[in-house]
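To find a chain, count down the sequence lines: A is the first, B the second, and so on, and within it residues start at 1.
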There are 2 protein chains.
Amino acid sequence: MTEEVASRSSSVQSVDRALDVLEALARAGKPVGVGELSELTGLPQGTAHRLLQSLQQRGYVRRDAARKYSVGTSAMRLADAAQRSLARSSRPFLAELVTLSGETANLAVLEGDDIVYVAQVSSPHTLRMFAEVGRHVPPHSTAVGKVLLAAMPRERALAVLRRTGLPARTPATITDLDAFVAELDLVAAQGWAADEEEQESGIRCVAVPVLGSGPPVAAMSLSGPADRFAGGRTEGLVAGMQRVAAVFAAG
Amino acid sequence: MTEEVASRSSSVQSVDRALDVLEALARAGKPVGVGELSELTGLPQGTAHRLLQSLQQRGYVRRDAARKYSVGTSAMRLADAAQRSLARSSRPFLAELVTLSGETANLAVLEGDDIVYVAQVSSPHTLRMFAEVGRHVPPHSTAVGKVLLAAMPRERALAVLRRTGLPARTPATITDLDAFVAELDLVAAQGWAADEEEQESGIRCVAVPVLGSGPPVAAMSLSGPADRFAGGRTEGLVAGMQRVAAVFAAG
DNA sequence: TCCGTGATTCCACATCGTGGAAGATTTCTT
DNA sequence: AAGAAATCTTCCACGATGTGGAATCACGGA
């Protein structure tokens, strides 16, 4: 009866299915009933129902008055831990990037509609930080933001941009939506993004996604003064960054 | 061999245990090895290891170079969905609070160190909103922030306050740490919090936690002009708010 | 290099989850 | 309102799936 083989090594069936359920709910983006969920996941209704029960008891799933289910708040507690752990465990890799480049390395995630810097290792010869850990910035003016927006379904990226707008942070900030969408296409195609003094004058930035299972939730960046951090160096750095990001993602 | 009986109704054992594993990792706050995790959860090592494998394959758990495990980034994707769902499904309840009070109702969560308003239903006779949805504000100057800080382990609340500081938003903002800790004690004891023009002059606010399984991650508040929204009304409102919050939490 | 600690794998067993189908609800129709 | 349709929930005998004690293996320290 096993239609799909677990891609590799062992995995506990019911756990895997419970995660399928959660992810289906997350993807649906609206409350769904047992029947619909059973179709979305390919699970028999009875099974889907039982898994929902288990998840609901722990607060990972909510059931509304119409008996439709959606992702519950317990997930938020886990996300908090995930973010801390991400910040902690990325530091050695960020440090490696600093060694590689001599510039400041950051790890950022998209939280709601903002980019949040969760970790940073600063360059030895940086006098001033341009973004502190914990800082929230709009996604369109940063390299990490471009990387994460480019990786999500275009429709969702546009929804984010609609909410945040494209405020100018510097004269170089891309404030035209069509131009920005073109930029996203470029970023999606090449797999990395640049920020050419678009967030802060005199600061350049390059970012790559941290690719794990599913769409990326984090991106690594290097940033430094525009005069030092210029042109030709970029290509070489990107390769190194992708390597480090891949090793980090692989764990 | 069943030492603990599931408090009520059915639940899938391996799913329950997988959630135990995730929550233990979240609680630990640092990477832990299989052995330690097995102690934390009471699961045999082999079992703990197998569950970790399943979770890791899906990105809900990370394994670092030292084979220590922590919560993975997939949890963040779920949290995003959870927040949207929370915003959506709370609206009817917020509306009920508006009907009950005539004032503006909000739902807020703690995201990182900030309070974020995720949903709002505004009072019919409000000319101006004092907090828009999506807005980030420091926790110490809001009723919702007090409620959520009061509910977390005091040590963690203090860590948050250390990072955010206690900046004055108005002359009434509590800027003294000892005074604020006393306020948290009060809030924890009475189960609700007030904001007496501490976030914005002329605006009062009352908040109650949304209690689900585990510590609350969200709080509901009512806010309005200080002159209209005063003194004696508070007690009556709090009871109603707690009722609505309980119904909402119960699903 | 040689231990010791702790992570991983193994496998016979039986527990636990499974899913089809029956039984309740709720919701839509007439 | 009453019936019908759709959907959710519960049930239970079966056996596939997960279990966990013990053996093996990998790492890191001395």
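Distance, A/Gln56 CD to D/dC8 C1': 13 Å, rounded to whole Å. Atom CG of B/Leu43 and atom C1' of D/dT19 are 11 Å apart (whole Å). At whole-Å resolution of the value, CD in B/Gln13 and P in C/dA14 are 16 Å apart. Taking atom CG of residue A/Leu37 and atom P of nucleotide D/dT7, one finds them 14 Å apart after rounding to whole Å. With rounding to whole Å, B/Leu52 atom CG is found 13 Å from D/dT19 atom P. One interatomic measurement links the two molecules: CZ of B/Arg17 to P of C/dT15, which rounds to 13 Å at whole-angstrom precision. Residue A/Gln57 contributes atom CD, which lies 13 Å from atom P of D/dT9 at whole-angstrom precision. Atom CG of A/Leu40 and atom C1' of D/dT7 are 16 Å apart (whole Å).
Of the inter-residue distances, the one linking A/Glu103 atom CD with A/Ser122 atom OG reads 11.5 Å to the nearest 0.5 angstrom. To the nearest 0.5 Å, atom CG of residue B/Leu37 and atom CG of residue B/Asp20 are 9.5 Å apart. Within the model, atoms CG of B/Leu19 and CG of B/Leu55 stand 8.5 Å from one another, a figure rounded to the nearest 0.5 Å. In this structure, CG in B/Leu51 is found 10.5 Å from OG in A/Ser11, a value given to the nearest 0.5 Å.
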Contacts under 3.5 Å, N or O only, protein and nucleotides 4-8 of chain C:
from: C/dA7; atom 1: OP1; to: B/Val34; atom 2: N; distance (Å): 3.3
from: C/dA7; atom 1: OP2; to: B/Gly35; atom 2: N; distance (Å): 2.9
from: C/dT8; atom 1: OP2; to: B/His49; atom 2: NE2; distance (Å): 3.1
from: C/dT8; atom 1: OP2; to: B/Tyr69; atom 2: OH; distance (Å): 3.1
from: C/dT8; atom 1: O5'; to: B/His49; atom 2: NE2; distance (Å): 3.1

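Annotation: cation-pi pair B/Arg62/A/Phe248 present, NZ/CZ under 6.0 Å from the ring centroid and within 45° of its normal.
For residues 80-91 of chain B, the set of pairs meeting the side-chain hydrogen bond (donor to acceptor under 3.5 Å, both in side chains) definition, not counting sequence neighbours, comprises A/Ser70-B/Ser85, B/Asp80-B/Arg84, B/Gln83-B/Glu111.
Look at B/Arg162 and B/Glu155 and you find no salt bridge, because none of the NZ, NE, NH1 or NH2 atoms lies under 4.0 Å from a carboxylate O. Using a 4.0 Å cut-off between charged nitrogen and carboxylate oxygen, B/Glu23 and A/Arg58 count as a salt-bridge pair.
Distances shown here put a side-chain N or O of B/Thr47 below 4.0 Å from the OP1 or OP2 atom of D/dG20. Phosphate proximity of D/dT17 to B/Ser14: absent, as no side-chain N or O sits under 4.0 Å from OP1 or OP2.
A/Thr104 and A/Ser223 share no side-chain donor-acceptor pair at under 3.5 Å.
Summary for the helix from C/dT1-D/dA30 to C/dT30-D/dA1: the axes at its two ends, each from 5 pairs, differ by 50° when rounded to the nearest 10 degrees.
At a cut-off of 3.5 angstrom, counting only N and O atoms as typed in the model, there is a donor on one side and an acceptor on the other between the side-chain of B/Arg50 and the base of D/dG20.
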